[in-house]
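Predicted, not measured: the structure shown is a model, and the values here were computed from it. In what follows, every heavy atom counts, from backbone to side chain, and hydrogens, waters and symmetry copies are set aside.
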Amino acid sequence: MAKHIFVTGGVASSLGKGLTAASLGRLLKSRGLRVTIQKLDPYINVDPGTMNPFEHGEVFVTDDGGETDLDLGHYERFIDEALSRDSNATTGSIYQAVIAKERRGEYLGKTVQVIPHITDEIKLRIRQIATEDTDVVITEIGGTVGDIEILPFLEAVRQLRKDVGRDNVCYVHVTLVPYLGPSGEQKTKPTQHSVTELRSRGIQPDVIVLRSDRPIPSGLKTKISLLCDVPEEGVISNVDAPNLYEIPLALHDEGLDGYVCRLLHLDAAKQDAKRDGRGEQPAATALDGARPDLSQWRALVQRAELASKPVRVGLIGKYVNLPDAYLSVVEALHHGAYAHGARVQLDWVQAEEVEGLMVEGRLRDLDGMVIPGGFGERGIEGMVAAAGHAREQQIPCLGLCLGLQVMVIEFARNAAGLTGANSREFSPTAPYLVIDLMSDQREIVSQSNYGGTMRLGTYPAKLRPGSQMAEIYGSELVFERHRHRYEVNPRYRTRLEQAGLACSGESPDGRLVEMIELPGHPLWVGTQAHPEFKSRPDRPHPLFKALVGAALARAEGRRPHLIDPDTFQPEEASLAIG
């Protein structure tokens, strides 16, 4: 039976529950345990897919096409496991499922109530990822204790301890210990009140993780232990870290993983599995008292600390006022920099201000550029201008999803003679719709069903032999995650390629353009996908590694490696829209 760890938070939001859950997952995995992580979100949206990035930050996409909370990105990056749509559940999706069951008559005419029907559905969502291949399920509950919408979730996880046995559940509560400047003190009262609120819901925390901006004295830990009825070894300090990948090491030094393993009797569970023939004891494990194998993670943190070569990368976005909207892109850039011993200096560029910044010369000083995804017309002309500036000034540029589309629009207008080229999303009456819906998608949209046109999840792409993309990936067949509905219009593909643009990646049937590049340019490439979702701190995504490498070469005045434009011959596009 899988063990369950529930992570709750109090006092304030954005304390780092997700990073705490992800870090604990990393530590337990380093002990040879099979770990998966789940996020339960109290908001009533069915999923974050329709939420404004300014409201919620980035929408993380799983291999199976789930549009999920951004914390799943932290989970995947830390435990290096591909999660699924089942790893994120919301109040909206839970009520939707319960109401659908009621309409089908599955409750046999009973009055449907929060208890037991909603709480049972929540427990079902938790248990369905606790498969035979999983030793530990970590479930983070969004929001903070005291929020009215969180109550059904707290009741469900309270009941689950009774359902699966006390020795199979651990409650971790993350709270804030603020520092008051005028008095020069760290205050424990917010933590005390938060734990009191949690206990009023029937949950006594087993572990309290204290978030603070400075080390917490042992005397304060003793005080919290006494007043919150938690053993002192279960009171864990989690101080702000300069690099988020240092958090697992800091929590390990505080003894979090060892204490949780003892609390859940994970060593005994593993030994029993070995004796019963239900599993094999991993060779490298700390369950028998040895230390976990954190050597690779320590090496990663050391590389990050020693990275010193500065490289300035501009992120040309629509939502730069909320950095969380591009969380995975930023992390992927850092991953790529670690591989080169470089340190990325991010220049957040508001897309609507690009033309003014070009006059000021700010973009000219960039070593590299990323044009990320997004929806809607706002800021598009700025993105187009930035793509053109990167093309003309030989600045390495990576376009992601919408980024590829604006690169195609820019090239069509200024290099292929298609004046006024645009996307149907932004200008349906443009003379050249180089970005468009496929004909079958247009029929769905005419029925006002935009959700049916989204391409979500992992899709394959064939890369043209000898292309820059094939060289970067080291393969001619790749799989990337998508989240978009507009495609490169195949009607204009031949015209674009004759003008020098290489459509170097396409769907296996040749119908869709997946990747583009500009031969002869240090790096001017775009992808319809979101490769940032698959980047890992110790295994950077090839596209981000290539971008930082090209940007570093520019910063250091080195000659970049170029793909010969004569390598490519335009191919006839056999398919046209509509």
Side-chain angles (χ1 to χ4, degrees), residues 313 329 332-333 335-336 339-340 368-373 387 390-391 394-408 410-412 415 434-435 455 458-484 487-488 490 493-494 496-535 539-554 560-571 573:
V313 177
V329 174
L333 282 170
H335 303 165
H340 292 283
M369 188 183 298
V370 176
I371 306 177
R391 180 175 62 84
Q394 300 288 293
I395 299 174
C397 179
L398 171 61
L400 308 171
C401 193
L402 176 63
L404 172 141
Q405 296 170 18
V406 299
M407 292 170 83
V408 169
E410 189 282 325
F411 189 87
V434 293
I435 305 295
R455 194 142 66 100
T458 296
Y459 288 85
K462 292 190 306 179
L463 305 185
R464 194 183 301 181
S467 67
Q468 193 173 23
M469 281 294 195
E471 183 178 278
I472 289 170
Y473 275 96
S475 174
E476 294 175 9
L477 178 66
V478 297
F479 296 84
E480 295 288 6
R481 300 180 191 178
H482 290 245
R483 183 178 181 248
H484 62 93
E487 308 284 353
V488 176
R493 178 170 171 178
T494 298
L496 292 168
E497 294 213 292
Q498 286 175 340
L501 186 71
C503 298
S504 52
E506 59 183 18
S507 57
D509 61 5
R511 186 168 180 252
L512 304 174
V513 173
E514 297 283 13
M515 300 185 186
I516 62 164
E517 63 187 67
L518 188 62
H521 193 286
L523 191 88
W524 200 79
V525 299
T527 171
Q528 279 279 48
H530 287 273
E532 65 269 23
F533 294 148
K534 297 182 72 173
S535 186
R539 196 173 64 256
H541 190 282
L543 286 177
F544 287 89
K545 183 178 178 181
L547 174 69
V548 175
L552 191 60
R554 177 182 174 86
H561 170 66
L562 303 179
I563 294 291
D564 186 352
D566 296 333
T567 300
F568 295 96
Q569 297 298 325
E571 296 180 353

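- Listed for the Ser475 side chain is no donor-acceptor partner under 3.5 Å among the backbone atoms of Val478.
- Considering only heavy atoms from C-beta on, Arg391 stays 4.5 Å or farther from Met407 through its side chain.
- For the pair Ile472/Leu523, a side-chain contact is recorded, criterion being any heavy-atom separation below 4.5 Å from C-beta on.
- Of the charged side-chain nitrogens involved, none lies within less than 4.0 Å of a carboxylate oxygen, so that Arg464 and Glu517 do not count as a salt-bridged pair.
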**Study point:** side chain to side chain contact (heavy atoms under 4.5 Å, CB included) assessment of Phe411 paired with Leu518
**Key:** CA-CA 10 Å; Phe411 189 87; Leu518 188 62; 3.7 Å; yes
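- Distance alone, capped at 3.5 Å, is enough to place a donor-acceptor pair between the Glu497 side chain and the Cys503 backbone.
- The backbone N or O of Phe479 sits nowhere less than 3.5 Å from a side-chain atom of Thr458 that would complete a donor-acceptor pair.
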Which atom pairs, one a donor and one an acceptor, fall under 3.5 Å between side chains of residues 397-406 and the rest of the protein, sequence neighbours left out?
residue : atom : partner : partner atom : Å
Gln405  : NE2  : Tyr486  : O            : 3.2
Gln405  : NE2  : Gln528  : OE1          : 3.3

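- With a 6.0 Å radius and a threshold of 12 heavy atoms from other residues, nucleotides or ligands, Lys534 has its NZ atom above the threshold.
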Practice item. For Met515 and Leu463, run side chain to side chain contact (heavy atoms under 4.5 Å, CB included): C-alpha distance rounded to whole Å, both residues' side-chain angles, the deciding distance at 0.1 Å, then the answer. Key: CA-CA 8 Å; Met515 300 185 186; Leu463 305 185; 3.6 Å; yes
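- Between Tyr459 and Ser507, the closest side-chain pair of non-hydrogen atoms is not below 4.5 Å.
- Taking CE of Met369 as the start and CD1 of Ile395 as the end, the distance is 5.0 Å to the nearest 0.5 Å.
- Smallest separation of non-hydrogen atoms from Gln394 and Gly520: OE1-O, 3.9 Å.
- Counting heavy atoms from C-beta on, the side chains of Arg511 and Pro490 never come closer than 4.5 Å.
- A search for side-chain hydrogen bond (donor to acceptor under 3.5 Å, both in side chains) contacts involving Arg481 returns Asp63, Glu76, not counting sequence neighbours.
- Of the inter-residue distances, the one linking Leu543 atom CG with Glu532 atom CD reads 10.0 Å to the nearest 0.5 angstrom.
- Residues Val548 and His335 fail the side-chain proximity criterion, which asks for heavy atoms closer than 4.5 Å.
- Aromatic pair Tyr473/His541: ring centres closer than 6.0 Å.
- How far CD1 of Ile516 is from OG1 of Thr527: 9.5 Å, rounded to the nearest 0.5 Å.
- One distance of note links OG of Ser504 with CD of Gln468; it measures 8.0 Å at 0.5 Å rounding.
- In this structure, Arg493 and Val488 have side chains that are not in contact, with every pair of non-hydrogen atoms separated by 4.5 Å or more.
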Check your understanding: Stepwise, does the side chain to side chain contact (heavy atoms under 4.5 Å, CB included) test hold for Glu487 with Arg455?
Key -> CA-CA 10 Å; Glu487 308 284 353; Arg455 194 142 66 100; 3.0 Å; yes
